[in-house]
Amino acid sequence: MLSASWMYEMDLSQLIRRDVYEWEIPMRGAMRVPGIIYASQDLIRAMDDKVLEQTANVAMLPGIVSASYAMPDAHWGYGFPIGGVAAFDAEEGGVVSAGGVGFDISCGVRCLHTGVDLDELKQKQVVLADGLYRGIPAGVGSTGKISLSDREMTEMLTGGAAWAIAQGYGRAEDLARIEENGRMQGADPKAVSAHARRRQRDEMGTLGSGNHYLEVQIVSEIFDKKIANVFAIAEGDVVVSIHCGSRGLGHQIGTEYLKEMAQSAAGLGIALPDRELACAPIHSPLAQRYLGAMRSAINCALANRQVITHLTRQVFSEVFGRELQLPLLYDVSHNTCKVEEHLVGGTKMNLHVHRKGATRAFGLDHPDLPQELKAAGQPVLIGGSMGTASYVLAGTGMEIAFGSACHGAGRAMSRHAAKKRWQGRKLVDQLAGRGILIRSPSMRGVAEEAPGAYKDVSSVVDAAQEAGLARVVAKLLPLVCVKG
DNA sequence: ATGTTC
């Protein structure tokens, strides 16, 4: 079959099919471990062949353990593919890479139960869409009502969502449903530049732009009733999903440390297959400073989603004329580097696991999960593209790709190509005709985010399940979308 | 992703 010229296309001849949903990039050249891509044949065909190249490049980095992995939604990123997972062993010269985390540090998804039923929602849908759009700043450079002093900034960078709650944005019980209990340990605000702090000063509680959004969604289908019960979701439930990250602060940290790692790599004798893979040995002062700054950015993202949660609760309570609690289902990040214990060839190891556009997906009984979720596994929140479905999955275990799963639909077309092909206003009107209300300050941004510019999220989560990365629990369909 | 180009 001939493909249209705008579509990505992967050359499959370089891959060995290990299983129906598992493709190996065999070791060659400077690769220290193989590459593994989890995908269906259709998904892998539609992948940019840069994914193969980048997954192989990551496999050349010092101290990498087991394999360089790519998730079913992988696409071309800066250095590492987006949808990439790679773990490094400090004792084997392992590295930390700013490009392995990405610019939007700790970008993630948080899902809230609303307790509102569909009939009630439909009656207030327009008012709710307008209220959320007014209440939650969205778009490039968006600022909110909160302005942090330098001291407050430091407290936020070490306190995360726990800081936000102490400031009155939310409730203490929210913390148990956030990765790291809402507060990432090991943050070092001194490793965050004055410039990064300045950029963030007025950006708390804002969505940002690109693929970030706040959506009101309906649970349209349950695939695993037992796990859905543990997650307390049922068909017909209305939920809210918030997708955003660490805004200007994370971006600035990423920019500065990428530059510094690139400059120092040569001096440290690390040969890079691609200068975008700039990294530093885990034991080096530079890597430790980056980790301190990156963990501060994780706290920033957790605090940001916490403030947005508070604003969302205010809008819902106002619109529906009663106090609505909107408790958390879960909050999970998909751009991080975390030190985690993993079993490798029967040996327990502490590894620096980079997940870039990949979600943590810890399985049953993992000690980091709250007690009430241990029987189900960690909720894995998969954001779809604008106007399409999202999914709730559950982690299945730690064995495959270090307990990771996909994070979203993944682009199938560049932003540039999407802008040429679609008009934002027309998309908004078409979606409104289907009962999906879009609110956005940027029609250009809406065109870039056209549903047709993304892979089919259903086939992505299907591949994730078939590959054993996670289990599909529920499908969510959008009703309102505030888009950056 | 991003005060969308240091």
Side-chain angles (χ1 to χ4, degrees), chain A residues 48 50 54 73-84 97-110 137-144 147-148 192-204 206-214 242-263 275-276 278 293-294 296-298 300-302 304-305 308 333-337 354-359 383 385-386 407-411 413-420 424 440-449 453-454 482-484:
Chain A
D48 187 335
K50 286 275 182 191
Q54 293 191 320
D73 53 338
H75 52 112
W76 182 15
Y78 187 95
F80 284 57
I82 297 164
S97 172
V101 173
F103 286 95
D104 191 8
I105 298 167
S106 198
C107 181
V109 182
R110 171 180 291 208
V140 175
S142 51
T143 53
S147 186
L148 299 186
V192 178
S193 71
H195 189 188
R197 295 161 79 104
R198 199 159 55 239
R199 281 184 68 173
Q200 191 58 31
R201 195 166 52 195
D202 300 320
E203 290 194 343
M204 295 311 294
T206 65
L207 273 178
S209 64
N211 64 359
H212 290 169
Y213 60 78
L214 181 149
I242 297 163
H243 178 206
C244 62
S246 53
R247 307 285 290 107
L249 181 124
H251 189 267
Q252 189 62 32
I253 289 170
T255 303
E256 289 170 9
Y257 280 93
L258 271 166
K259 192 175 164 196
E260 205 178 333
M261 285 179 178
Q263 286 166 348
R275 60 189 300 276
E276 292 186 356
M294 184 217 54
S296 305
I298 290 178
C300 176
L302 298 179
N304 193 34
R305 291 196 286 274
I308 292 173
S333 299
H334 48 234
N335 288 346
T336 59
C337 174
H354 295 64
R355 295 189 183 87
K356 178 186 187 181
T359 304
S385 50
M386 181 182 61
H407 84 307
R411 292 200 80 88
M413 195 192 297
S414 70
R415 292 189 174 275
H416 183 72
K419 247 184 321 203
K420 288 207 288 196
S440 175
S442 166
M443 284 306 118
R444 191 174 78 171
V446 168
E448 288 180 0
E449 291 292 318
Y454 279 81
V482 178
K483 190 84 190 150

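We name chains A, B, ... by the order of the sequence lines, and we start the count at 1 in each one. Only heavy atoms go into these numbers, but all of them, side chains included; no hydrogens, no water, no symmetry mates.
Per the geometry, NZ belonging to A:Lys419 stands 8 Å off C1' belonging to B:dT4, to the nearest Å. In this structure, A:Glu449 places its CD atom 18 Å from P of B:dT4, rounding to the nearest Å. At whole-Å resolution of the value, CG in A:Asp104 and C1' in B:dT2 are 9 Å apart. Distance, A:Ile253 CD1 to B:dT2 C1': 13 Å, rounded to whole Å. Atom C1' of nucleotide B:dT2 and atom CD of A:Glu448 are separated by 12 Å, given to the nearest angstrom. What separates CG of A:Leu207 from C1' of B:dT2 is a distance of 15 Å, to the nearest Å. Between A:Ile82 atom CD1 and B:dT2 atom P there is a gap of 13 Å when expressed in whole angstrom units. Distance CG (A:Leu249) to C1' (B:dT2): 13 Å, rounded to an integer number of Å.
With hydrogens and angles ignored, the 3.5 Å screen pairs a side-chain donor or acceptor of A:Lys356 with a backbone N or O of A:Gly99. A:His212 contributes a side-chain N or O that, together with a main-chain N or O of A:Leu207, makes up a donor-acceptor pair within less than 3.5 Å.
Contacts of A:His334 with the nucleic acid, taken as non-hydrogen atoms under 4.0 Å apart, are absent. Using a 4.0 Å heavy-atom criterion, one finds that A:Glu256 contacts no nucleic acid atom at all. Heavy atoms of A:Ser209 sit under 4.0 angstrom from at least one base atom. Nucleic acid contact for A:Gly250: none, since no nucleic acid atom lies under 4.0 Å from a heavy atom of the residue. A:Gly102 comes within 4.0 angstrom of nothing in the nucleic acid, heavy atoms only.
When only modelled atom types and interatomic distance are considered, A:Arg305 and A:Ser333 share a side-chain donor-acceptor pair under 3.5 Å. Under 3.5 Å, the side chains of A:Arg198 and A:Ser193 contain no donor-acceptor pair of N or O atoms.
Between A:Arg415 and A:Lys259, the residue whose closest nucleotide on DNA chain B is further toward the 5' end is A:Arg415.
With ring centers used as reference points, A:His334 lies under 6.0 Å from A:His243.
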